[in-house]
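What follows is a short report on a single structure.
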Amino acid sequence: MLIPHDTRCALDAVVGLVNTAPEDGTTADGLADVAALEGFVRSNDISGVEALSDVDLESVRALRGRFDEIFAAPDARTAAELINKLVAGAGTTPQLTDHDGYDWHVHYFAPGASLADHLAADCGMALAFFVVAGEQERLRRCEAPDCRRAFVDLSRNRSRRYCDSRTCGNRLHVAAYRARRKEATG
């Protein structure tokens, strides 16, 4: 699946945003304050963002929950309905741009949009492309029992099961290996 640079950046941002949510009572909110939100904006190289406030923080946290619903959608129709509501609410204004040394690409947010509207439009459209392409099942959750992090499966054969094969995947494979060895020697 060929994914343009701007769409890939939006996918990384939406996955990063969804994964800032506390998974249960034992993990902290990755967007605990405005400084954390500013860090999220910097780490995802989100352009056109001015000073952020508590209002932005609350709006982005609410948006995060809406994106979470899209990753949990049971089918393409449900995902499409959620994405349509999200993008329509952002007041999208598609514009061609070639900033920061990147070739022409499309931004879907209106100039001067809030961070939440910016993310809703750009990230919503990135997720929409997966639904349009019949690839909604690539929007996944980690299959490790103690992890529910979101990820986009960009593997060629849609076989990725874990958010990170070096952590979740490796941990489960080692546990299965040890259980087999214990059973063989027991």
Side-chain angles (χ1 to χ4, degrees), residues 6-95 106-131 136-154 162-164 167-168:
D6 56 314
T7 302
R8 182 57 195 253
C9 290
L11 290 171
D12 290 344
V14 71
V15 166
L17 178 60
V18 169
N19 289 335
T20 64
E23 290 183 35
D24 53 36
T26 63
T27 57
D29 190 326
L31 294 179
D33 53 28
V34 173
L37 182 60
E38 290 168 346
F40 171 80
V41 168
R42 271 192 313 279
S43 69
N44 285 280
D45 201 22
I46 299 171
S47 62
V49 176
E50 301 297 323
L52 297 171
S53 68
D54 287 328
V55 171
D56 293 304
L57 178 62
E58 291 309 311
S59 297
V60 171
R61 282 181 180 162
L63 177 64
R64 172 179 69 187
R66 295 180 71 190
F67 279 129
D68 186 58
E69 291 176 21
I70 295 167
F71 275 85
D75 53 48
R77 181 163 306 282
T78 304
E81 290 170 1
L82 293 167
I83 291 168
N84 283 339
K85 288 178 188 172
L86 185 74
V87 172
T92 59
T93 306
Q95 294 184 25
V106 180
H107 282 185
Y108 294 94
F109 55 92
S114 69
L115 176 59
D117 284 345
H118 177 139
L119 292 170
D122 265 2
C123 296
M125 289 304 299
L127 296 175
F129 292 131
F130 277 80
V131 174
Q136 183 258 336
E137 74 276 358
R138 289 182 181 268
L139 308 178
R140 297 197 173 161
R141 291 292 186 163
C142 185
E143 291 183 19
D146 59 341
C147 180
R148 296 300 301 149
R149 292 178 60 86
F151 68 93
V152 178
D153 180 3
L154 298 177
Y162 307 109
C163 62
D164 186 351
T167 54
C168 290

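In this chain, numbering begins with 1 at the start of the sequence shown.
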- Would you please test L115 and L37 for side chain to side chain contact (heavy atoms under 4.5 Å, CB included) and show each step? CA-CA 10 Å; L115 176 59; L37 182 60; 3.7 Å; yes
- Verdict with supporting geometry, L86 and I70, side chain to side chain contact (heavy atoms under 4.5 Å, CB included): CA-CA 10 Å; L86 185 74; I70 295 167; 4.0 Å; yes
- Which salt bridge (Lys or Arg N to Asp or Glu O under 4.0 Å) pairs, counting each pair once, include a residue from residues 30-56, with sequence neighbours left out? none
For [X] and [Y], indicate whether the former's side chain and the latter's backbone hold a donor-acceptor pair under 3.5 Å.
X    : Y    : answer
D29  : P22  : no
R140 : A150 : no
N44  : I46  : no

- Message: Could you work out, with ring-ring contact (aromatic ring centres under 6.0 Å, His included) as the rule, every residue matching F109, not counting sequence neighbours?
- Response: H107, H118
Smallest separation among heavy atoms of [X] and [Y], with atom names:
X    : Y    : result
A76  : V131 : O-CG1, 3.9 Å
G30  : A36  : O-CB, 3.5 Å
F40  : L17  : CE1-N, 3.5 Å
R138 : F130 : CD-CE2, 3.9 Å
D75  : Q136 : C-OE1, 3.4 Å
A116 : L63  : O-CD2, 3.3 Å

To the nearest 0.5 Å, what is the distance between [atom1] ([X]) and [atom2] ([Y])?
X    : Y    : atom1 : atom2 : value
D122 : S47  : CG    : OG    : 7.5 Å
R149 : D164 : CZ    : CG    : 8.5 Å
L11  : F129 : CG    : CZ    : 10.0 Å
C123 : I83  : SG    : CD1   : 11.0 Å

- So, do S59 and S114 sit near enough that their side-chain heavy atoms are less than 4.5 Å apart?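 No. Closest side-chain heavy atoms not under 4.5 Å.
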- Going by heavy atoms in the side chains, are F151 and N19 under 4.5 Å from each other?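 Answer no - side chains too far apart.
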- Query: Does the pair L139 and D153 meet the rule for a side chain to side chain contact (heavy atoms under 4.5 Å, CB included), with working shown?
  - Reply: CA-CA 7 Å; L139 308 178; D153 180 3; over 6 Å; no
- Task: Take M125 and V87 through the test side chain to side chain contact (heavy atoms under 4.5 Å, CB included) and record every step on the way to the result.
- Result: CA-CA 7 Å; M125 289 304 299; V87 172; 4.0 Å; yes
- Would you mind checking if E58 and R61 are paired as a salt bridge, meaning a charged N to carboxylate O distance below 4.0 Å? yes
